[in-house]
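Comments concern the structure below.
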Amino acid sequence: MSVNLTAGAIEALFNECPVENPVLQVMNIREYPPGKQGHTRYRLKLSDGVRSLSCFLLASQLNHLKEAELLEPNCVCMLKKTISSYLAKKRVLVVLDMDVLQTAADVGGKIGNPAQLTDKTADQQEAHRSTSSSDEIPGPSGYDTRSSCENSGIKSSLMKSSWKGSPVKGPGMPPPMKASPVKGPGMPPPMQASPVKAFGMASPVKRSGMPSPMPASPSPGPSQSPTKLTPIDDLNPYVSNWTVRARVTNKSDVCNWSNSRGEGKLFSFEVMDESGEIRITAFNSEVDKFFSLVEQNKVYLISKCSVKLPIKRFTSLKNDYEITLGANSRIVPCDDDHDVPTVHYDFVPISQLEAKDPESIINVIGVCEEAGEVSLITTKAGKPLFKRALELTDASGKTVTLTLWGDKAQRFDASCHPVVAVKGARVSAFGGRSLSAPFSSTLMVNPDIPEAFELRAWYNQVGHGLCSQSLTEVRSPNGEFRTNWKSLSDVKTEQLGHDGKAYYFSSVATVVYACKENALYRACPAGSCYKKVQERDDGRYHCDKCGKDYPVFKYRFMLSVNLADFGDNMWATCFQETAETLLGLNAEQLGHLKDTDEDAFNEVFQKVYFSSHIFRNRVKLEMYNDECRMRVTVMDVLPLDHRQYSRRLLNSVRALARDN
Amino acid sequence: MSTILDAPRPRVNFSLLSRFICKPVCFVGRVEKVHSTGKTFTLADGEGQCVSVELNDALEEELSGIVEVIGIVSNKGAIIASTFTMLREERGILFDLELYNEAVNVIHDFPQHYPFDAAESG
């Protein structure tokens, strides 16, 4: 019952020469449990009796063969379909279809004495396993030229380098890593103790199940390109000489501090690769060196830093450790980034922010519709701090106010309605729901991510015209915030203000009448006492609130106006400031005209009739002498921009049409 | 002239002219060129398309800026004007022709909400 192996098949497969249904013996099977994605992959070392090759990868649809124990070391199989491929520049032969001809039990043992045919991945592992270790040395060097050393350095330098003298055990370099404390993802952990400079280390799990076998091989000299990379998940304080290739997911601003021990500054950023994430902090001089180099979303090779226990937890990262940059640390931009996963942000749609708890940290993306001016406030500690409020809107149809602080506030360029994404924004209950971008968050403007492109497309086609409801209450005196537009008929139909709470809204309306008779009243001249005064017989004015008499009074406005729009009309009261804006002169001046020039006084009101403005109103159910009435107060009068109004109307029409 | 002002005259832009051949319309556009005779000029609508306007009497004054013309559409797609008005810049507010064009499109996209026929019969 002996089966003949197809001699020369291994060499042929390796050289990509066609070979039909070769019969091969399985020498070894290695399992590679998933990194963070997918299922287990099995890597096979197959032999044709003369040569063996370990870069065979079992297609996952054939995993059952191994799991059913049909495929095991020493069994004989026939490859019916293979495909040659490259994973991370390493040669791989994927077995798409195979039959097990004879089980291991039936075969009995190893057929022939195959010599390892190394592929580019410098298979020391296999070498170490194979009984004929002497074959390894001639093996690799013999096939040196054939293996197109794309990963040039690794293999060839192995042979030719001076590492032979390294204290690492021989060129085969069986991994002493077994003893290392690093947790690998099922693979033999990297060889930490290697004296090899700077690089070296476990090749990362680049694809699920197809990592290059244990490296331990020293990397080539520092001047050559390929480096052995460590998965972030494998980092711990006992690892030395590692290099990580990762993408920056979150970069903070520079934070300056001064305390009793002196001054300092730091910035931190978070990076991720396929295995995990970790936070990196730079202090003082390293801030100067690296702050401008490190950019959000770009991939870098990072090495020679210290891995420590985290000092303070500012992040939600799951890593037990964090990295601190030192004077010797190196961060180099890396072009080969297709293996490093791109950041997934999990943005929360604005409409769902109401459901989020205040103080929770979320990621958000939206189009900046409006941005307030940068303002300078003083913190409780007495320090000046810049702040800026933005209106963000997204496809969920809602808007929210995002507050930027410090550098972010100053640097932000609001032109052209940029797409703004924030990683690590804090939800606040201020004004209902609003967002803050704390120091630790990352602000990205027009980021290069698919969510941003989608949002841009949505905004250009649809969003720019929508007047979505803001989750943050309209409060700002200078009209920074998104306005809550209502028509006057809405006030009745929607019963605004009926619940007893003050309701704020804005309307475009025309003044159809203003009560000039009682526009002014005589008020107490004292400070902020605005009570109406009674005239005494002696010509003095008595204030009930102050309990005093005054020789003079001050005119103040309490102007009743009737506002109308296409749907309805309503009475509203304008107090001092709004009346002054509407009429164009102050109370004293009008008072003077009233007393002296009746025509001029009337003229003031004539001018205001049938003028249209934007009125920001407050409607509230109020008790007045045991009577419950809806009282509307004008909070603000703004000039009407017809174009803006037209645009808003046009967009409302289109939106209505779409929704029906 | 009195007859035309009695009938409803829908606002149109260049693309809608073909629907209103021999009918009265109201066209608003920016003056592009004035013929030397002063009896005809071209107006560009919000989409940049030009329409020729013919007058019965030659122009007496300089024509520029935004003009509103009421007239009948000829078979060739020109407008035989009965009357026209120059919309002067008011308080520095410029007439937004593109926005106007959008509004014109809305009127014609939703005839059920902007019934000209009803006005005609009524």
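Residue numbering restarts at 1 for every chain, and letters A, B, ... go by the order of the sequence lines. Bear in mind the structure is a predicted one, so any value in this text is a computation, not a measurement.
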Does A:R456 have more than 12 heavy atoms from other residues, nucleotides or ligands lying within 6.0 Å of its CZ? yes
Does B:H108, at its NE2 atom, have more than 12 non-hydrogen atoms belonging to other residues, nucleotides or ligands within less than 6.0 Å? yes
The reported gap from NE2 in A:H642 to CG in B:D96 (rounded to nearest 0.5 angstrom) is 13.0 Å
Can you check whether anything in residues 97-107 of chain B gets within less than 4.5 Å of chain A, heavy-atom wise, and list it by number? B:L99, B:E102, B:A103, B:N105, B:V106
B:Q49, CD: over 12 other non-hydrogen atoms inside 6.0 angstrom: yes
